[in-house]
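Counting from 1, the numbers follow the sequence of the chain as shown. Atoms considered below: every heavy atom in the structure, side chains included; atoms not considered: hydrogens, waters and symmetry mates. Here the structure is a predicted model, which is why all the values come from computation and not from measurement.
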Amino acid sequence: MGNAVTLVKDSVPATRGARRAATARTGRPGRRRENLAGYLFMSPWIAGFLLLTAGPMIASLYFAFTDYNLFTSPEWVGLDNFTKMFDDPRWQKSVEVTAKYVVIGTPLKLLLALGVALLLAQSRRGQAFYRAAFYAPSLIGASVSVGFVWRSLFSDGAVVDRAQTFLGFHVGGWVGNADWVMYCLVALTVWQFGAPMVIFLAGLKQVPRELYEAAEMDGAGPFRRFWNITLPMISPVLFFNVLLETIHSFQIFGSAYVVSNTACGPADATLVYTCYLYQQGFRNAQMGFASAMAWMLLLAVALVTAVLFWSQKKWVHYEEDAR
């Protein structure tokens, strides 16, 4: 009896091992076919990434250290493009204009988006219509046609000029005024607040109503409830919007180029970084210098992103931290 039990125990691991080996032998071709099918479906994206993203990035990194004017072979110059960049007053002007646009436009856009999201979070008639109406500018705001319309609205003698003259302000058209044209661009970007508004609205819907009811019973007013409940609860959403809109603001080009009638002016007042990069690369045929500018922009955005991620530890509250 004991020998029989021993034989059974010894045969069980061998049987399991044989089954695993058989399963591995039969499953390996099927797994290979699944992997091959997966790579086949991914091949268009992989080809697009290599040909349209990774390849041009590697080429631009090489061009950044060369003197390349699109008509002759690149000539290696080392760090000359970067040193020339820092000595260029127009490059310094483009950095100043871009920083001004980011610092003014991004907070105003997010404040308006949050304010409208707070209004739309309340149950009211026609809520779906209002959400769609406020979101629509985000879909068409970056188009060239809207840029032309915006330039027409803020030109001399146009609607905005006549309205401010009626109110007693004699500024003239914003497009031709070096002191006001930047605020024309800011108004355009603030008008496109629909995308962050939708994200804020989704975050507001996740705040438990019980917290507001308990705070109201304790006598907390609307501002106290907003500051102590709403903001901490939607801080991850706020951080996401700040990060996304800041990166997007650094990349402004179309609206500045069209509103200024391709001149990025007057007096370089709308000479944002990408506009000057475009002028150097495609107007002046200085592709090496433009590539160096592009990589400098990438480093700047990466640095700002790293600072935002470092700062979010102090003001962003996640559910995992409360457990």
Side-chain angles (χ1 to χ4, degrees), residues 60 63-64 67-70 80-109 141-144 146-158 160-161 164 169-192 245-301 303-304:
S60 69
F63 292 147
D67 182 11
Y68 180 44
N69 61 5
L70 294 176
D80 287 357
N81 287 326
F82 294 93
T83 56
K84 183 171 65 173
M85 184 190 311
F86 289 110
D87 294 334
D88 186 359
R90 293 199 74 207
W91 180 84
Q92 297 173 6
K93 178 67 175 180
S94 69
V95 173
E96 177 186 346
V97 171
T98 305
K100 182 179 179 180
Y101 174 81
V102 173
V103 171
I104 297 177
T106 302
L108 290 178
K109 183 177 183 179
S143 64
V144 175
V146 171
F148 281 114
V149 172
W150 211 258
R151 189 178 69 191
S152 300
L153 290 174
F154 287 86
S155 298
D156 292 334
V160 175
D161 188 12
Q164 64 190 10
F169 299 98
H170 302 285
V171 178
W174 292 18
V175 173
N177 192 325
D179 297 329
W180 286 87
V181 65
M182 172 56 67
Y183 300 104
C184 177
L185 295 181
V186 171
L188 178 56
T189 192
V190 171
W191 179 65
Q192 306 170 39
E245 294 301 326
T246 301
I247 296 175
H248 179 72
S249 296
F250 274 105
Q251 300 172 346
I252 176 180
F253 172 73
S255 57
Y257 190 74
V258 174
V259 169
S260 63
N261 198 19
T262 72
C264 298
D268 289 341
T270 58
L271 186 68
V272 293
Y273 195 92
T274 53
C275 191
Y276 188 48
L277 189 154
Y278 171 81
Q279 290 181 351
Q280 288 292 331
F282 295 97
R283 285 189 178 180
N284 302 335
Q286 297 296 322
M287 190 57 67
F289 187 82
S291 299
M293 286 186 60
W295 279 95
M296 187 59 64
L297 176 62
L298 177 63
L299 292 177
V301 172
L303 178 61
V304 172

Ser94 side chain to Val272 backbone, donor-acceptor under 3.5 Å: no
Asn69 side chain to Ala285 backbone, donor-acceptor under 3.5 Å: no
Side chains of Tyr101 and Thr189, donor plus acceptor under 3.5 Å: yes
Polar side-chain atom of Gln286 near backbone of Tyr68 as donor-acceptor pair, under 3.5 Å: no
Closest heavy-atom pair and its distance - Phe148, Val258: N-CG1, 3.6 Å
Ile252 backbone acceptor or donor facing Thr274 side chain under 3.5 Å: yes
Student check: side-chain heavy atoms of Val259 and Phe154 closer than 4.5 Å: no
Any donor-acceptor pair under 3.5 Å from Gln92 side chain to Asp87 backbone: no
Plane angle bin for Trp191 and Trp150 - parallel if under 30°, tilted between 30 and 60°, otherwise perpendicular: tilted
Note, Asn261 side chain near Val175 side chain (heavy atom, < 4.5 Å): no
Main-chain N/O of Tyr273 paired with Thr98 side-chain donor or acceptor, under 3.5 Å: yes
Heavy-atom closest pair, residues Ser291 and Ala64: CB-N, 3.7 Å
Test side chain to side chain contact (heavy atoms under 4.5 Å, CB included) applied to Lys93 and Glu96, step by step: CA-CA 5 Å; Lys93 178 67 175 180; Glu96 177 186 346; 4.2 Å; yes
Parallel, tilted or perpendicular, as decided by the 30° and 60° cut-offs, for the rings of Trp174 and Trp180: tilted
Derivation of the side chain to side chain contact (heavy atoms under 4.5 Å, CB included) call for Trp91 and Val95: CA-CA 6 Å; Trp91 180 84; Val95 173; 3.8 Å; yes
Pairs meeting criterion salt bridge (charged side-chain N to carboxylate O under 4.0 Å, His left out) with involvement of residues 264-282, two or more places apart: Arg90-Asp268
Distance-minimising heavy-atom pair for Ala292 and Asn81: CB-CB, 3.8 Å
Tyr183, OH: over 12 other non-hydrogen atoms inside 6.0 angstrom: no
